[in-house]
Number of protein chains: 2
Amino acid sequence: MFSADQIADIQGFNKVYQNLLKQIDSAILETGYTLTEKDVLLEISKTERCTANILIQQLNIDRSYMSRMIAKFEKHGLIEKTLSQTDSRIRYIRLTELGHKEINRLADIQNNHISAIFNKLNDTDQNNVWQAMVMIRNKLSEANDVITIRPFAQSDIEYVISRHKTLYYAERHLSGTFSAYVDEIVYNFVEKYNDRTDCLKILECNGVPAGSIAIAKVNKDTAQLRFFMLEPEMRQRGFGNRLMDMALDFCRNKGYKTVFLLTITAQIVARHVYETHGFHKVASYDKSEWGNGVIEERWELEI
Amino acid sequence: MFSADQIADIQGFNKVYQNLLKQIDSAILETGYTLTEKDVLLEISKTERCTANILIQQLNIDRSYMSRMIAKFEKHGLIEKTLSQTDSRIRYIRLTELGHKEINRLADIQNNHISAIFNKLNDTDQNNVWQAMVMIRNKLSEANDVITIRPFAQSDIEYVISRHKTLYYAERHLSGTFSAYVDEIVYNFVEKYNDRTDCLKILECNGVPAGSIAIAKVNKDTAQLRFFMLEPEMRQRGFGNRLMDMALDFCRNKGYKTVFLLTITAQIVARHVYETHGFHKVASYDKSEWGNGVIEERWELEI
DNA sequence: GACAATTAGTTGACTCAGTCAATTATAACA
DNA sequence: TGTTATAATTGACTGAGTCAACTAATTGTC
């Protein structure tokens, strides 16, 4: 239990830090973009196959407001809209060259501001402050984030495809061939999805999707683990293991004898989760069509 | 120099913490008060002899906006305005009973929210996070606050009186007799103020007054140190010593042989500054008319 | 296969915090 | 005594964000 003095200290911290955040914010505002606009642009840049609806869910923004913002971005040449071939209600949003330039500019401003603030500290202080921040962040997230794991809904399909691709793209530089492959397997999976044999769980952090895992029936005894993914900020906090536990429980309940998964060599963090759950590598295949030197691995677990 | 990864960590911290601040803010907003209104009410409650102008300066708020806010507070019975006897442009603002109740309610909401967030941590984590916050706060303030020490202007008179009284009141529970005494001595001091023999410096933090110190001539050889004051958040950061250095330099330059000051026994922090600058206690008088058991002390320094 | 219910996105009308500029009333200055 | 500065108010406005109604396409169901 905190004393009144300690709470006063925290209020003091809040005041100082709020001030600092305001400084960064006002630097952004000088560019002519709203903070919300900045967030939206950033989210678009982070999202493959982005739609207005994904943005609305991910950022908790009013639909009408979003619609107008997107219209404005289009008018200013920051984004391009393309109609979906499969569902003509949906318009995909993609950053243009100019859009990328602008979001980079905004990110630079933010980074430079942070650098400027922290470079006034000497090296030891910089290090101490940084470590303290990481510690606080982890402790507070751990204690306050509302985490739920729920079955997938139709609206999650776009999320799973989009984020799966984005995260692999961003972190592993995979090619367009991989992208088409993901589209196909996700749509195939959802189409054939059967409650009794398959499973697709969505991890939500504070009401926003932040990870996924799936089990797909291959035959009576064999299941494939798929779409295992965690947003970067959710990693190293045990959620990977929790998702994996749920998926393997599902497999045990359904009587599968073997679970396998396909992954690429570079996915080091995920490998660790696989290993701790008893998976072992049984084969590897060259997949250079997905990117230079990419090797796909097959891991298996006997239940 | 920070690495890109470290900056990303800090961005992550900012995001998490901004979110947390937003939560607290939205709890305040639920009461029907704007965040700005909350700040203004708080500042009114902290300020003796409060005027709209003090609030404008202290909080950097537009005059018209402030005027309307104050009108609203008055209409809702949170404050009372009284015309100044000496300057009929000035209207003094004082919280009513209801106003105090409301500001306490707001403060409680904020404190409870903070408590709720931190009580989810275990004791060690609570302690670590608290210490880390205090450390970050100090380092960042140290590095980023813009501190200036400047001669006083007419507009500072109200500040010096108001804060001097408020801080003594709040921290030492002094009586109304003391209050009248401060009014008198400040007005006397300013009236008789002479650039060549007297000195009144204002410490500013980010453009906002945050402390003061003064030297008043008593006779050719003797000066009195007065109005030595620091806002709580500015203490323990060396500003007391800096102000004291400036004041004593002034005394040396003007050829004073003796500097004395009057203080009350309870002012432990200030005593330390006095001692390190060579002052020693020469007498003490009973001042129970200022409050129960208050003892005034006279300290002197031979230059 | 038709009709109800959903979902993606748009449009209209509005709210309300905050700003800019002009005005009144008093005090200070020279 | 007229000019300048200051305290406070009033008027007219901006612009981020909200609420609700609407269109158009899709899905679910009997």
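When side chains are defined from C-beta on, B/Ile215 does not count as touching B/Asp198, because their heavy atoms never get closer than 4.5 Å.
Atom CD1 of B/Ile70 is separated from atom C1' of D/dA8 by 9 Å (rounded to the nearest Å). Across the protein-nucleic acid pair, B/Met69 atom CE and C/dA17 atom P stand 10 Å apart, rounded to whole Å. Atom-to-atom, NZ of B/Lys75 to P of D/dT9 comes out at 15 Å; the value is rounded to the nearest Å. Counting to the nearest Å, the P atom of D/dA7 and the CD1 atom of B/Ile93 are 12 Å from each other. If you measure from atom OH of B/Tyr65 to atom C1' of D/dA8, you get 17 Å, rounded to the nearest angstrom. Atom CG of A/Asn53 is separated from atom P of D/dT26 by 15 Å (rounded to the nearest Å). Between A/Ile90 atom CD1 and C/dG9 atom C1' there is a gap of 11 Å when expressed in whole angstrom units. To the nearest angstrom, C1' of C/dA8 lies 17 Å from CD of A/Gln85.
A sub-4.0 Å separation between OP1 or OP2 of D/dT26 and a side-chain N or O of A/Ser88 is present. Contact annotation: A/Lys72 does not reach the phosphate of D/dA16 (side-chain N/O to OP1 or OP2, under 4.0 Å). In terms of phosphate contacts, B/Ser64 brings no side-chain nitrogen or oxygen within less than 4.0 Å of OP1 or OP2 of D/dG11.
Listed by residue number, B/Thr34, B/Thr36 are the residues of residues 19-37 of chain B with a heavy-atom contact under 4.0 Å to DNA chain C.
Closest to the side chain of A/Arg91, out of C/dG9, D/dA24, D/dA8, is C/dG9. Side-chain proximity of B/Arg68 to the nucleotides C/dG9, D/dA8, C/dT19 is greatest for C/dT19. Distances from the side chain of B/Ser67 to the nucleotides C/dT10, D/dT10, D/dA7 place D/dT10 closest. For A/Asp62, the listed nucleotide lying nearest its side chain is D/dT18; candidates were D/dT26, D/dT18, D/dA8. Comparing D/dT18, D/dT26, D/dA8 by their closest approach to the side chain of B/Arg63 singles out D/dA8.
Listed here is the closest heavy atom pair of B/Ile109 and B/Thr31: CD1-CG2, 3.3 Å. Taking each heavy atom of B/Leu243 and B/Met229 in turn, the nearest pair found is CD1-O, 4.4 Å.
Between the side chain of A/Ser212 and the backbone N or O of A/Phe227, at least one donor-acceptor pair lies under 3.5 Å. For B/Thr34 (side chain) and B/Thr36 (main-chain N/O), no donor-acceptor pair under 3.5 Å exists by modelled atom type.
A side-chain N or O of A/Glu102 and one of A/Tyr33 form a donor-acceptor pair less than 3.5 Å apart.
Between A/Lys72 and A/Glu37 there is a salt bridge, with a side-chain nitrogen of the basic residue lying less than 4.0 Å from a carboxylate oxygen of the acidic one.
For a distance-only test at 3.5 Å, the side chain of A/Arg89 fails to qualify as a donor-acceptor partner of the base of D/dT26.
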